[in-house]
2 protein chains.
Amino acid sequence: MVSAVRVKLSDVARDAGVSAATVSRAIAQPELLSPETLARVRASAQRLGYLPDGAARALASGRSMTIGAIVPTLDSAIFARALQAMQATLAQSGYLLLVASHEASPAAETQAVRALLGRGVDGLMLVGAERAPDTTALLKASGLPVVLTWCGDGHFTAVTIDNALAGRLAAQHLIKLGHRRIGMIAGHLQFNDRQRARLAGARAALEEAGLSLPDSLVVEQALTLAGGRAGCAMLLDLDAPPTALIGGIDLFAIGCLEEAHARGIVVPEGLSVVGIDGLDMSAHVSPGLTTVHVPTGRIGNLAAQTLMAMVANRPVAKETVLPVELVVRRSSQPLNRT
Amino acid sequence: MVSAVRVKLSDVARDAGVSAATVSRAIAQPELLSPETLARVRASAQRLGYLPDGAARALASGRSMTIGAIVPTLDSAIFARALQAMQATLAQSGYLLLVASHEASPAAETQAVRALLGRGVDGLMLVGAERAPDTTALLKASGLPVVLTWCGDGHFTAVTIDNALAGRLAAQHLIKLGHRRIGMIAGHLQFNDRQRARLAGARAALEEAGLSLPDSLVVEQALTLAGGRAGCAMLLDLDAPPTALIGGIDLFAIGCLEEAHARGIVVPEGLSVVGIDGLDMSAHVSPGLTTVHVPTGRIGNLAAQTLMAMVANRPVAKETVLPVELVVRRSSQPLNRT
DNA sequence: TCTTCTGATGAAAGCGCTTTCAGCAAACGT
DNA sequence: ACGTTTGCTGAAAGCGCTTTCATCAGAAGA
């Protein structure tokens, strides 16, 4: 490792014949310098290949130009897209994204928050509103800008969607099509307020229509395609199987499509399926998946923007609720249209 | 923002009645302290809610406990999985992941490298071996541990797969099934050595079998499902369309499945399709996708481990080539079996 | 001509931690 | 009994930068 001695601020200062303060200003507040000085400093910095030391800057200025994000997992189309959007938005302003995942463990989330807080992030993005009290206490004590996503808690700033409405829209669509026995595959409800809300929304819609979503028609599964298939299998194996299924996430719904196909059940003739998320994939599977579209990318963009605004002490909306929208495709049709 | 004054090392030291050095040791090298002192310091730290300042630690110690990763995009099942694996592996050792993406732009990659270098990462993961000379120069000059993934360049340490072999396996499989006109949908080849190698491998296999893969049977597409569909459409619209298709990534192959389905072409009877990647999804689409499986998660794990080993000055293999493996499913079958 | 600004720059004091280097007591060796 | 080693702890010097605060020309005002 022939690590060349790092060029530091003082080297540039010496080279340019100015003080360290001037070089510092050339980087952070160029408008304070005379054009000539600025040009000279920049030339020196360029020639020496100067790269400011982030740790030192962070220590001296109290800002790290880094935003933290803690998600259940990166290995999910949803969170991956949201993080990509965040990262892209942040990068435009010179911020970097520090990520951690907790795999649906509140304790791991606390750990992650502690780690990111220690790393001096300027702001923190979290998913959902439900978490260990420790975590919340840590967050509040830090006084750090925090943005919750997907679900808010009324306390922290949030960029959300109405998950209950999403569940409701899915259910209402099926009800309107004449379905009466509707089943739902949800993610494990513990430590997942998004899924709980979607389920509650669907249930409320059914009850408002004089129907119901009994626990026997709800299965909890791991948030994977295989989970969706397994859930679908369980519901179809019921004595009186549902005529329509709601997937708490699109992946579940796609799993249902596969399972139905494997069983020789034609969708939508033999079974209607509706998802929630609006994955790209959902438009391409066959039959095309009817789903409640969620603006995942925008959640990421907005979370990033909100966080940066908070860092800059600009006012931000306490909670931004992004719209969800039913997208009807081929996977759902009126009951008994044979 | 009622940001409570941050508890600092000196506060803990005072509270515990020891020097700052002792508190510092309690955190980083507890074995140097007497059990009693250690316990006392820990109790104080705990009670005061002390959280070490990462920037200060990084500045003083020269280590940030942060690893950087730069990928084309986070919004891809492949990179998302690799990053999730990296993150999980790193977290176990107290490291955090700083991510950036470049969207297939060499200039953006240079930018990202600069940003991460400045942020004082202890190591850097990059995808592929091809990049702007600036970037390479920057990397070398920094002397930082760097691990390339998917493709190596013989210079930097790398955790790779044999992309050419992957392409070759896909092609050989189809050749063995009797296919003679084989088409391929590849990602844009510029700034994507993985795709170039896969294409080259497929082409080599065909030539070895006395066949060929003319440019007319190769289409370049954006790395999305829609790209796969579009590519498939182009190839099927040829006067003499291929009887089998290789997708440079599974997503392409899945797109082919959709496009074929939309055209009323039955896979595999009317068209054989093979992918490369081994997405979870590929096992679940119908027909199940024949694909060359790539151990994506292991690439991430190994990259993380390698990077940590390099940071610790432990010896590491210059290049680890992970195995790829053909997984035959239903989407491919002998030619003309009707 | 003599203040009073204004704009550009420098000196120097940290930011919160790590890490030599020393010091000191207790344990050891002979 | 007297050097030596060993184990634990403290003092203090930075790490590389930012940011007051002070300075000092030159421009502007009286």
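Small disclaimer: the values here were computed from a predicted structure and weren't measured. Just so it is clear: chains get the letters A, B, ... in the order the sequence lines come, proteins before strands, and each one is counted from 1.
Counting all heavy atoms, side chain and backbone alike, A:Thr22 lies closest to A:Leu33 at O-CD1, 3.5 Å. Pairing each heavy atom of A:Val23 with each of A:Ala13, the nearest pair is CG2-CA, 3.5 Å.
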Let me check something: any side-chain donor-acceptor pairs from residues 38-49 of chain A under 3.5 Å, sequence neighbours excluded? List them with distances.
from: A:Arg40; atom 1: NH1; to: A:Ala16; atom 2: O; distance (Å): 2.5
from: A:Ser44; atom 1: OG; to: A:Asp15; atom 2: OD2; distance (Å): 2.6
from: A:Ser44; atom 1: OG; to: A:Arg40; atom 2: O; distance (Å): 3.3
from: A:Arg47; atom 1: NH2; to: A:Asp15; atom 2: OD2; distance (Å): 2.8

Could you give the side-chain donor-acceptor pairs of residues 97-106 of chain B under 3.5 Å, partners two or more places apart or in another chain?
from: B:Ser101; atom 1: OG; to: A:Gln84; atom 2: OE1; distance (Å): 3.3
from: B:Ser101; atom 1: OG; to: A:Gln84; atom 2: NE2; distance (Å): 3.2
from: B:Ser101; atom 1: OG; to: A:Gln87; atom 2: OE1; distance (Å): 2.7
from: B:His102; atom 1: ND1; to: B:Ala104; atom 2: N; distance (Å): 3.0
from: B:Glu103; atom 1: OE2; to: A:Gln84; atom 2: NE2; distance (Å): 2.6
from: B:Ser105; atom 1: OG; to: B:Ala107; atom 2: N; distance (Å): 3.4
from: B:Ser105; atom 1: OG; to: B:Ala108; atom 2: N; distance (Å): 2.9

Taking distance alone, no hydrogens or angles, what donor-acceptor pairs closer than 3.5 Å link side-chain atoms of residues 122-129 of chain B to residues at least two apart or in another chain?
from: B:Asp122; atom 1: OD1; to: B:Ser64; atom 2: N; distance (Å): 2.9
from: B:Asp122; atom 1: OD1; to: B:Ser64; atom 2: OG; distance (Å): 3.3
from: B:Asp122; atom 1: OD2; to: B:Ser64; atom 2: N; distance (Å): 3.1
from: B:Asp122; atom 1: OD2; to: B:Met65; atom 2: N; distance (Å): 2.7

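Side-chain contact check for B:Val147 versus B:Val159: some heavy-atom pair is nearer than 4.5 Å. Taking 4.5 Å as the limit, every side-chain heavy atom of A:Ser24 sits out of range of all side-chain heavy atoms of A:Arg57. Side-chain contact check for A:Leu302 versus A:Leu322: some heavy-atom pair is nearer than 4.5 Å.
Note on residues 11-53 of chain B: no pairs pass ring pair (Phe, Tyr, Trp, His ring centres under 6.0 Å), not counting sequence neighbours. Evaluation of the side chain to side chain donor-acceptor pair (under 3.5 Å) test over residues 148-159 of chain B, restricted to residues two or more places apart or in two chains, returns none.
At the heavy-atom level, B:Ser24 lies under 4.0 Å from base atoms of the strands shown. Contacts of A:Leu33 with the nucleic acid, taken as non-hydrogen atoms under 4.0 Å apart, involve only primed sugar atoms and P, OP1 or OP2. Here B:Val18 lies in heavy-atom contact (under 4.0 Å) with sugar-phosphate atoms only.
Residues forming a ring-ring contact (aromatic ring centres under 6.0 Å, His included) with B:Tyr95 (at least two apart in sequence, or on another chain): none. Residues satisfying the side-chain hydrogen bond (donor to acceptor under 3.5 Å, both in side chains) criterion with B:Thr89, sequence neighbours excluded, are B:Asn301.
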Polar atoms only, N or O, under 3.5 Å: list the protein pairs with nucleotides 25-27 of chain D and their distances.
none

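Between B:Arg14 and B:Asp11, at least one side-chain N (NZ, or NE/NH1/NH2) sits under 4.0 Å from a carboxylate O, which counts as a salt bridge.
Comparing A:Ala20 and A:Glu36 against DNA chain C, the residue whose closest nucleotide sits nearer the 5' end is A:Glu36. Projected onto DNA chain D by closest heavy-atom contact, A:Ser10 and B:Leu32 fall at different nucleotides, the more 5' of which corresponds to B:Leu32.
First and last contacting nucleotides of DNA chain C toward chain A (any atom under 4.0 angstrom from a heavy atom, 5' to 3' order): C:dA8 to C:dG16.
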Verdict with supporting geometry, B:Phe156 and B:Thr136, side chain to side chain contact (heavy atoms under 4.5 Å, CB included): CA-CA 10 Å; B:Phe156 288 110; B:Thr136 308; 3.9 Å; yes
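Side-chain contact annotation: B:Ser76 with B:Thr73, donor-acceptor N/O pair under 3.5 Å absent.
Bending across the helix from C:dT1-D:dA30 to C:dT30-D:dA1, expressed as the angle between its end axes from five pairs apiece, amounts to 30° (10° rounding).
Residues of residues 52-61 of chain B having a heavy atom closer than 4.0 Å to DNA chain C, listed by number: B:Pro52, B:Asp53, B:Ala56, B:Arg57, B:Ala60, B:Ser61. Interface residues of residues 39-50 of chain B facing DNA chain C, ordered by number: B:Tyr50; criterion, heavy-atom separation under 4.0 Å.
With B:Thr306 as the partner, the side-chain contact (heavy atoms from CB on, under 4.5 Å) test is satisfied by one option alone out of B:Val311, B:Val146, B:Val316: B:Val316.
A straight line from CG of B:Leu9 to P of D:dA11 spans 13 Å, rounded to a whole angstrom.
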